[in-house]
Amino acid sequence: MQRWLLLIFIWGLFAECAYGKIQSQVEKLTEQHSEKNPTTLCDPAEEYIQTMTFLRTLDSVKLPETNTREVADLVSRGCRGGAARFAKTFSLLKKIGVEHKKSLQLALEFAQENDAVQENFFAVLKLAYVAEMFDFSFQMALDVAYDFSKKLKSHHKQARNDFVKLAQFCRDDKDLGLPIRTCSQLAIEIAHLSPYYPGGVFEPFNALLNKLRTEKQFGLAIRDALKTTLEVLKHGPTAPANFLAGYEYAAKKNGLNMEAKAALEFALSLAKRSVKELPPPVVELQ
């Protein structure tokens, strides 16, 4: 009898252990799925209730109950984290002086995005507004941050890091002589190419621009060097190497023996063939 009780006890432990392992595997798979597909699993009830609670406890703004429910309904469609993104965006914008209607509009927009898009918005807004970087008016800083965060589809952190480096480069390199608005637009445009480059786009940008500016064979003014660099980078990570190899061959006497301008046009034509279609394929993050 004791032996049977012992066997039943051991079987119970085994069953509990097996169930624990299965549950652990399910939780692990769910977590992995959520990381790869962060917007596919939703908790609309929780998001709705959190938004209602947040709006009802605001001291600075009081919405009519009907409007409060409408906003909560919209936020609940933002899937996991929508309420937190809404509250964070609304609170920050109100704190820095954005009028109520605009704060509500942007908060609703970012509730529907993922956390990385919101983080980019905040980071670039701060960067564009501080005196050490662009020192924009608030409205201009807001426009730059919105444009950057909303147009980017992937590689948000990498692109944000590229933008910071590009912005710093614009400000530090006095030889560029670019107006602040032009510099910010350039930084945004180049940073949006980040998903197509392993490790980011800043290093390829800096290397190619440096060659075009400093090596006499190219003979390009700063603005032309920037324009050419941007045109090459648009065609993916192999484009800079194809451009430089093409130019070198075109300029050689035993190559095509072309003048600088013709060699540049030839090199650009090769760089544009670096991908079969635009935009280039996105580099998968490890």
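Taking CD of Gln105 as the reference point, atom NE2 of His100 lies at 11.5 Å (rounded to 0.5 Å). Between Glu203 atom CD and Lys165 atom NZ the span is 5.5 Å, to the nearest 0.5 Å. Rounding to the nearest 0.5 angstrom, the gap separating the CD1 atom in Ile190 from the CG atom in Leu186 is 4.0 Å. Of the inter-residue distances, the one linking Ser76 atom OG with Asp43 atom CG reads 11.0 Å to the nearest 0.5 angstrom. Here the OG1 atom belonging to Thr238 is positioned 11.0 Å from the CG atom belonging to Leu270, to the nearest 0.5 angstrom. Rounded to the nearest 0.5 angstrom, Ser194 OG and Gln158 CD are separated by 3.5 Å.
Between Asp73 and Arg77 there is a salt bridge, since at least one side-chain N of the basic residue sits less than 4.0 Å from a carboxylate O of the acidic one. The pair Arg80-Glu47 does not meet the salt-bridge criterion, since no charged nitrogen lies less than 4.0 angstrom from a carboxylate oxygen. Between Glu231 and Lys227, no side-chain nitrogen of the basic residue sits less than 4.0 Å from a carboxylate oxygen of the acidic one, so the salt-bridge criterion is not met.
Checked by atom type and distance alone, the side chain of Ser103 pairs as donor or acceptor with a backbone atom of Val98 at under 3.5 Å. The closest donor-acceptor contact from the side chain of Lys234 to the backbone of Leu230 lies at 3.5 Å or more, if one exists at all. Judged by distance alone, with hydrogens and angles left aside, the side-chain atoms of Gln50 form no donor-acceptor pair with the main-chain N or O of Ala87 at under 3.5 Å. Put simply, the side chain of Tyr247 gets close to the backbone of Gln217: a donor and an acceptor are under 3.5 Å apart. Between the side chain of Lys62 and the backbone N or O of Arg56 there is at least one donor-acceptor pair closer than 3.5 Å. Looking at Gln112, its side chain does come within 3.5 Å of a backbone N or O of Leu74 through a donor-acceptor pair. A donor-acceptor pair under 3.5 Å is absent between the side-chain atoms of Asn120 and the main chain of Arg160, judged by distance alone. Side chain of Arg85 to backbone of Phe110: a donor-acceptor contact under 3.5 angstrom is found. A donor-acceptor pair is defined here as one N or O able to donate and one able to accept, closer than 3.5 Å; such a pair exists between the side chain of Tyr197 and the backbone of Leu233. Formation of a donor-acceptor pair under 3.5 Å by the Tyr48 side chain with backbone atoms of Val75 is not found in this model.
Looking at Glu109 and Tyr146, their side chains do bring a donor and an acceptor atom within 3.5 Å of each other.
Ring pair Phe86/Phe90 is parallel by interplanar angle, where below 30° counts as parallel and above 60° as perpendicular.
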Could you go through the side-chain contact (heavy atoms from CB on, under 4.5 Å) check for Arg213 and Leu220 one step at a time?
CA-CA 6 Å; Arg213 291 175 64 190; Leu220 293 179; over 6 Å; no

Check the pair Gln118 / Lys88 against side-chain contact (heavy atoms from CB on, under 4.5 Å), numbers first and verdict last.
CA-CA 9 Å; Gln118 185 193 52; Lys88 185 176 180 181; 3.8 Å; yes

Take Phe243 and Leu208, measure what side-chain contact (heavy atoms from CB on, under 4.5 Å) needs, and give me the verdict at the end.
CA-CA 10 Å; Phe243 170 81; Leu208 182 57; 4.0 Å; yes

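Separation of the Phe205 and Phe169 ring centroids falls under the 6.0 Å cut-off. For Phe163 and His192, the gap between ring centers reaches or exceeds 6.0 Å.
Other residues, nucleotides and ligands contribute over 12 non-hydrogen atoms within 6.0 Å of the NZ atom of Lys94. Sparse packing is recorded around CD of Glu259, with 12 or fewer heavy atoms of other residues, nucleotides or ligands lying under 6.0 Å away.
No path of Ile, Leu, Val, Met, Phe, Trp and Tyr side chains, each step under 4.5 Å between heavy atoms, connects Phe54 with Met52, placing them in separate hydrophobic clusters. Residues Val232 and Leu226 do not share a hydrophobic cluster, defined by chaining ILVMFWY side chains whose heavy atoms lie under 4.5 Å apart. Note on Leu264: it does not cluster hydrophobically with Phe266, by side-chain heavy-atom contacts below 4.5 Å among ILVMFWY residues.
Minimum heavy-atom separation, Ser274 to Asn242: OG-ND2, 2.9 Å.
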